[in-house]
Every structure is written in C-alpha cells, then in structure tokens.
Amino acid sequence: MPKKIIIVGGGLAGLAACNELMKSEFDVQILEARNHPGGRASPQVNLGIPFGTGASWIHGADNNPIALVNKRSANMVSVSPEEFLFFDENGRPIPSQLIEKFNIKFDSFLRKAKKVAYEFLDVSLAQALANVIKFENFSSIELALFKAKLKYFEGYIGENYEFLSARCWDEEEAWPGDNCYLISTYQPIIQELSRNCHIELNSIVTEICIHKDNVEVITKNHVYFADAVIITLPLGVLKNSSITFNPPLPENKQKAIQNLGMGLFNITAIKFPFSFWPNESHAMFFTQFDNSSISTFFNLHHFIKEPILIGYSGGETARQLESYSDEQVIDKIMHNFQAVFGAILPEPENYVNTRWSHDPYANGSYSYYKTGSSQADRNALAESVANRLFFAGEATSLKHPATTHGAYLSGLREAENIKNIYAKK
Ligand SMILES: Cc1cc2nc3c(=O)[nH]c(=O)nc-3n(C[C@H](O)[C@H](O)[C@H](O)COP(=O)(O)OP(=O)(O)OC[C@H]3O[C@@H](n4cnc5c(N)ncnc54)[C@H](O)[C@@H]3O)c2cc1C
C-alpha cells in the first residue's frame with residue numbers, strides 16, 4: 001500500500017509538495033478551505049483584463065522556480081526602479097540624481113542601524129535608525145525621500161518600521177534578476193501545478209491529532225487518516241488558533257508563531273477611461289499625501305496601455321484603510337489626485353480594493369521579522385513533529401520568506417523530507 005500523505009492547504013507550497021510527492025509512490029491528497037487552489041497567489045478579478053488581487057510579482061526573474069513552472073504562459077514585464085517617479089512635499093517631481101544620492105546615504109544608515117542592533121539589543125528599525133540619523137541635518141527633499149522609503153517598507157514588508165526587527169528585517173536572499181509584474185496573473189502557474197493533484201476544495205480543517213501509527217485530520221464534514229501530514233497554513237491562521245493540534249504543538253513552535261509577525265499589504269486598483277498621469281514612469285510615490293493615504297501607485301498603463309493605476313498600502317496605513325468603505329478609499333485617492341493632477345479628472349470606470357486581514361484563510365498578507373524574532377523562529381516553524389507533521393509555507397522559508405518562490409521551494413523541501421523518511425519504510 002502506498003503511504004498516504006495529506007497536505008493541508010492548496011497554495012503554492014501545498015501544490016509544490018503534492019507534485020513532488022506524486023513523482024514517487026505516495027497517495028497524496030490536498031485539503032483546501034477555499035473553493036479554488038492557489039491560496040494567496042490565486043484571487044483575481046476582472047478589470048477589463050484579468051487582475052491578480054494577491055501575489056502578482058515575480059521577485060527576481062532569472063530562472064525563478066515559480067516562473068519556470070509555466071514559462072510559456074507566464075506573461076511578465078520587467079519593472080525598473082530607475083523609472084520610479086517621486087514627488088516632493090509640494091507635489092514637484094524629485095530629480096533622479098538627488099534620489100540616487102539619497103539611496104546611497106540611506107543604505108549606509110541601514111547598515112549602521114543593523115550593526116548597532118547586533119552589537120547591543122534588537123530594537124525596532126525605527127529606534128535603530130533614530131540612533132544613527134541626525135534628522136535635523138536632512139533637507140526637505142531628503143525628509144520626503146525618507147518618508148517614501150518608509151512607505152515602501154510598509155508595502156514590501158507589510159508593517160511599519162516601528163515594528164520591524166532592526167537585526168533581521170531584511171535577512172533574506174534576493175533572487176537574482178529584475179522584479180517582474182505578471183500580466184497573466186499567477187493563474188497559468190496555479191493551473192499547471194493543480195493539473196494532476198487530488199484536491200478536496202471547501203475542506204476546512206479544524207483539528208489535527210497525532211496518534212501512534214497515523215495522523216487524524218478533521219474537517220467540518222469528514223475525518224481523514226494519513227501516515228504523514230504537511231501543514232502549509234499561513235502564519236496568520238496558525239496565530240489565530242482556529243485549528244486544534246492534539247497534542248499541542250511543541251513550545252518552541254508555538255513561540256515562533258507568536259514571535260514572527262504577520263504583515264498586512266493591500267491592493268487598490270482603479271481603472272480609468274483614459275490615463276491622466278505621466279506615462280513614462282513605472283511607478284509613482286507621492287510624499288505629500290497624508291499617512292493614512294495610499295501613496296504608491298504602479299502604472300500598468302506604461303506596460304500594456306490599460307489605464308489602470310495599482311495602489312499599494314501596507315502596515316498601519318493598510319489597517320486604517322480597512323476601516324473605510326471601498327467608496328471612501330477611492331474618494332480619498334481621487335481627492336489626493338485632484339491636488340496633483342487638477343480638479344477635473346475622469347471618474348473611475350471600475351476598481352478593486354482588498355482587505356487581507358479579513359480573509360479567514362490568510363489572516364494577513366505575509367510574514368515578517370517582528371522586533372525580537374530571529375531566523376531561529378523560522379527554523380522552529382519549519383521543524384517536523386514526531387515524523388508525522390511537516391511544515392511548509394512562505395513563513396517557514398529562511399531564504400525567501402513572504403514570496404511565492406519561497407512558498408514553492410518550502411513545499412519541495414518538505415516533500416523531500418517525507419520521501420527521505422517514508423519512501424524507505
Ligand atoms: C496581497 C498580497 C500580495 C502579494 N504579492 C506577492 C508578490 O507580488 N510576489 C510574491 O512573490 N509574493 C507575494 N505575496 C506573498 C505570496 O502570495 C505568498 O508568499 C505565497 O502565495 C504563500 O503561499 P503558501 O502556500 O505558503 O500559503 P497560501 O497561499 O496562503 O496557502 C495556504 C492555503 O491554506 C488554506 N487554508 C487556510 N486555512 C485552512 C484550513 N483551516 N483548512 C484547509 N485549508 C486552509 C488557504 O486557503 C490557502 O489556500 C503576496 C501576498 C499577498 C496577500
């Protein structure tokens with residue numbers, strides 16, 4: 001009899017593990033709470049074109065394993081930071097030479113802040129930077145660029161720098177190559193990965209019990225038994241304790257779940273009848289907007305001539321905006337745009353506004369290093385329990401957390417672990 005492996009969660013980690021295990025003699029089944037596979041990379045809406053409201057970028061496109069899954073259908077465009085447009089506090093574009101100069105200065109502050117945190121105590125990135133920067137020596141443009149950098153962190157990491165560990169907030173390996181936006185969305189990749197998998201959709205796992213000879217997995221409607229289980233639940237779901245583990249998870253794993261942070265990153269995309277913004281820019285950063293406004297916009301029009309601006313918000317801004325109605329969020333953006341581009345602007349034709357902290361099967365967007373957490377926490381999260389429970393998912397990835405390729409590779413890692421243990425038995 002082939003060994004039975006259940007995978008909890010049909011996101012990229014679960015799908016990767018399933019495909020890898022199916023290459024050997026295993027009976028593999030995925031239990032997925034949603035009515036479709038793909039997890040945080042899957043949701044999409046129609047904005048005249050298919051539009052991804054979860055993951056939509058390949059971070060580092062040179063032979064990135066997630067892009068290689070369906071190279072033929074993954075249509076992506078390369079985005080260059082040199083083509084980003086930054087507006088100062090008065091709404092004037094900041095010259096690129098000043099941005100380049102500031103970037104060098106800022107990188108050196110980041111290095112110094114990290115050094116201070118490693119030499120003394122882990123503090124927040126905000127505290128560590130305050131120790132190494134003399135803000136009174138900053139020009140108004142440098143202050144504006146500093147604010148833009150913080151907004152960028154909020155989005156990229158999903159949390160404000162007041163909460164990030166100064167020691168390891170950026171301890172990850174960048175995949176080589178450009179950051180690329182997936183015009184095709186992640187759907188072709190998800191379809192390719194799901195093609196041969198046995199996936200039970202609408203299966204919400206509520207309890208997992210380790211017995212002497214097997215593992216019992218309980219959903220709202222069924223009870224399943226397996227030799228081993230791979231758990232790919234998002235950190236946010238593990239944090240809210242909606243799943244009972246029997247016996248409870250080991251203490252170091254529980255501590256890791258608490259220590260690591262689950263960030264929030266939201267997407268607000270607006271389709272207009274025509275574009276009214278500078279088309280040569282790949283993205284625009286508006287430092288004059290107040291802190292509860294979306295101030296970073298990716299310009300899809302530059303790449304595919306669709307008049308769509310994609311607003312990104314993270315951390316505290318995203319949390320605040322989730323308390324607004326969609327209409328209020330759009331009104332606020334339009335009000336801000338009027339101050340920059342003129343009072344008479346076209347009405348949005350269509351829009352989408354995400355609320356990832358309200359998604360019960362994600363409970364946030366992706367993991368980050370909270371002050372006081374460390375790589376040991378990701379390792380503890382990834383550790384298997386009694387050779388029966390195995391853990392994958394972006395938050396367990398030491399080198400590439402918070403990314404699609406990190407999730408994918410973590411699934412392959414745990415499939416390998418299971419093969420090493422069970423293929424021999
Ligand atoms: C808004 C947003 C934008 C992002 N942008 C990018 C990007 O551009 N590029 C990038 O590389 N990464 C991005 N990410 C991160 C990326 O999406 C994730 O790192 C990756 O998709 C995580 O895959 P996973 O398999 O670890 O988790 P998931 O995709 O979350 O898969 C876990 C699965 O478990 C299921 N599940 C949850 N609870 C239960 C339960 N009780 N029972 C059964 N199943 C359950 C979920 O429905 C889900 O399908 C983004 C994430 C978000 C939210």
Side-chain angles (χ1 to χ4, degrees), residues 6-18 30-43 52-61 64-67 76 79 155-158 172 175 179-182 185-186 189-190 193-194 199-208 217-220 224 229-238 240-244 262-269 298 310 312-314 318 352-357 359-368 381 391-397 400-411 414:
I6 284 182
I7 299 172
V8 179
L12 295 173
L15 293 172
C18 186
I30 296 179
L31 301 178
E32 167 54 51
R34 299 177 200 266
N35 61 6
H36 57 266
R40 280 171 275 171
S42 62
T53 55
S56 353
W57 293 74
I58 303 272
H59 292 300
N64 190 307
I66 199 70
M76 53 187 173
V79 178
Y156 200 74
I157 298 176
E172 59 183 63
W175 199 276
N179 284 335
C180 288
Y181 184 84
L182 270 170
T185 78
Y186 266 91
I189 291 170
I190 292 164
L193 284 174
S194 319
I199 310 174
E200 295 283 336
L201 297 173
N202 305 306
S203 297
I204 304 167
V205 172
T206 55
E207 195 172 344
I208 297 174
V217 181
I218 302 171
T219 67
K220 292 214 160 133
Y224 301 83
V229 172
I230 304 183
I231 294 164
T232 73
L233 293 167
L235 178 67
V237 172
L238 291 170
N240 74 11
S241 309
S242 54
I243 294 166
T244 308
M262 187 67 176
L264 181 60
F265 170 71
N266 276 320
I267 295 174
T268 308
F298 175 56
I310 307 173
Y312 293 131
S313 61
V352 57
N353 181 45
T354 68
R355 293 164 194 277
W356 278 93
S357 83
D359 182 319
Y361 307 122
N363 208 18
S365 301
Y366 34 73
S367 63
Y368 71 92
L381 199 62
F391 290 81
E394 58 83 10
T396 70
S397 169
H400 311 291
T403 63
T404 51
H405 54 278
Y408 178 80
L409 292 173
S410 75
E414 293 313 309

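Note that ligands are numbered from 1 as they come in the structure, with each ligand's atoms numbered from 1 the same way.
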Within reach of ligand 1, part of His59 (heavy-atom separation under 4.0 Å): side chain

Proximity flag Ala362 to ligand 1, non-hydrogen atoms under 4.0 Å: no

Residue pair Ile66 / Tyr186, side-chain heavy-atom distance below 4.5 Å: yes

For atom 8 (O) of ligand 1, which protein heavy atom lies nearest, and how many Å away is it? Trp57 N, 2.8 Å

Which of the numbered atoms in ligand 1 are under 4.0 angstrom from any heavy atom belonging to Thr404? 10 (C), 11 (O), 12 (N), 16 (C)

Asn179 and Gly60: which non-hydrogen atoms are nearest, and at how many Å? OD1-N, 3.3 Å

Say you draw a straight line from CD1 of Ile243 to OG1 of Thr206; how long is it, rounded to the nearest 0.5 Å? 8.0 Å

Short list, please: which atoms of ligand 1 are under 4.0 Å from a heavy atom of Ile243? 41 (N)

Just to verify, what does Ser42 make a side-chain hydrogen bond (donor to acceptor under 3.5 Å, both in side chains) with, not counting sequence neighbours? His36

Numbered in order shown, the ligand 1 atoms found under 4.0 Å of a heavy atom of Gly39 are 29 (O), 48 (C), 49 (O)

Interatomic distance, Leu31 atom CG to Ile208 atom CD1 [nearest 0.5 angstrom]: 9.0 Å

What protein heavy atom is closest to atom 35 (C) of ligand 1, reported as residue, atom name and distance in Å? Glu32 OE1, 3.4 Å

Check each heavy atom of Ala33 against ligand 1 and say whether those closer than 4.0 Å belong to the side chain, the backbone, both or neither. both

What distance do Glu32 atom CD and Thr219 atom OG1 have between them, rounded to the nearest 0.5 Å? 12.5 Å

Gly393: numbered ligand 1 atoms lying under 4.0 Å from its heavy atoms: 26 (O)

Does Ser410 form a side chain to side chain contact (heavy atoms under 4.5 Å, CB included) with Glu394? I'd like the steps, not just the answer. CA-CA 7 Å; Ser410 75; Glu394 58 83 10; over 6 Å; no

Among all the protein's non-hydrogen atoms, which is closest to atom 30 (O) of ligand 1, and how far away is it? Arg40 NE, 2.7 Å

Report yes if Thr53 has an N/O atom closer than 3.5 Å to an N/O atom of ligand 1; otherwise report no. no

Please list the nearest protein heavy atom to atom 15 (C) of ligand 1 with its residue and the distance rounded to 0.1 Å. Ala402 O, 3.5 Å

Is it the side chain, the backbone, both or neither of Trp356 that has a heavy atom closer than 4.0 Å to ligand 1? side chain

Which bit of Leu31 is near ligand 1, meaning a heavy atom under 4.0 Å away: side chain, backbone, both or neither? backbone

Does ligand 1 have any atom sitting under 4.0 Å from a heavy atom of Thr354? no

Would you mind telling me if ligand 1 is within reach of the side chain of Ala395, the backbone, both or neither, using heavy atoms under 4.0 Å? neither

Return the set of residues passing side chain to side chain contact (heavy atoms under 4.5 Å, CB included) with Asp359 (not counting sequence neighbours), or none when no residue passes. Arg34, Trp356, Tyr361, Ala362

Sub-4.5 Å side-chain heavy-atom contact between Glu172 and Pro401: yes

Should you measure from each heavy atom of Phe265, which atoms of ligand 1 turn up under 4.0 Å away? 1 (C), 2 (C), 3 (C)

Numbered atoms and elements of ligand 1 in range of Ile204, under 4.0 angstrom, heavy atoms: 41 (N), 42 (N)

Which is closest to atom 13 (C) of ligand 1 in terms of heavy atoms, Gly11, Ala41, Ala55, Ser42? Ala55

Of all heavy-atom pairs between Gly364 and Met262, which one has the smallest distance, and what is that distance? C-CE, 3.7 Å

